[in-house]
Every structure is written in C-alpha cells, then in structure tokens.
Amino acid sequence: YSYSTESFEVLSDDEFQIEQILMEAGAYGLRNEVEQCAKNILKKNPLSSKVDAYVKAYHEIIKD
C-alpha cells in the first residue's frame, strides 16, 4: 500500500488563517477582491504581517 504525500497539504498557521479569511470572503463572492486588496496592503507596507494584511483587506472589502 502506498500513497502520495503530495495529496496532504501542510499549511503553516499563517497560511491556514489566510485561507480561512479567503474562504469567508468567498462566501460573499469577494475572495479575489480581498486577496487583491491584501496584496496591495503588503506592497505598501512590506514589513506588515501577511495575516494582518488579509484581515485588514477583509474588513475593508466586507465592511462588517
């Protein structure tokens, strides 16, 4: 019996949190917009935490 380890994705805590944020945004049909906004935030503030950028982007786009 053999299996491919490629089928098991291992995400860091940050990647997992970002994926959760993007999934939530996707529920509103705004995944791409949130992702693009987060990338723009990171471009402007390269020292900013990636997770923080996605959280800020989510709140900017979703405006909850």
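Just so it is clear, the model here is predicted, and its values are computed rather than measured.
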L42 and S49: which non-hydrogen atoms are nearest, and at how many Å? CD2-O, 4.1 Å
Side-chain contact, heavy-atom cut-off 4.5 Å: H59 with V55? yes
What closest approach, in Å, do A57 and V34 show between heavy atoms, and which atom pair accounts for it? CB-O, 3.5 Å
Student check: side-chain heavy atoms of E19 and E15 closer than 4.5 Å: no
Using the rule that two of Ile, Leu, Val, Met, Phe, Trp, Tyr join whenever any of their side-chain heavy atoms come within less than 4.5 Å, decide whether I41 and L22 are in one cluster. no
Note: I21 and Y54 closest approach over all heavy atoms is CG2-O, 3.8 Å
Between K50 and D14, is there a side-chain heavy-atom distance shorter than 4.5 Å? no
With a 3.5 Å distance limit and no angle check, can you tell me whether K63 reaches the backbone of E60 through a side-chain donor-acceptor pair? yes
Do V51 and I61 share a hydrophobic cluster, counting only Ile, Leu, Val, Met, Phe, Trp and Tyr and linking them when any side-chain heavy atoms are less than 4.5 Å apart? yes
Give, for atom NZ of K56 and atom SG of C37, the distance between the pair rounded to the nearest 0.5 Å. 10.5 Å
Identify the two heavy atoms, one from Y28 and one from I62, that lie closest to each other, and give their separation to 0.1 Å. CD1-CD1, 3.7 Å
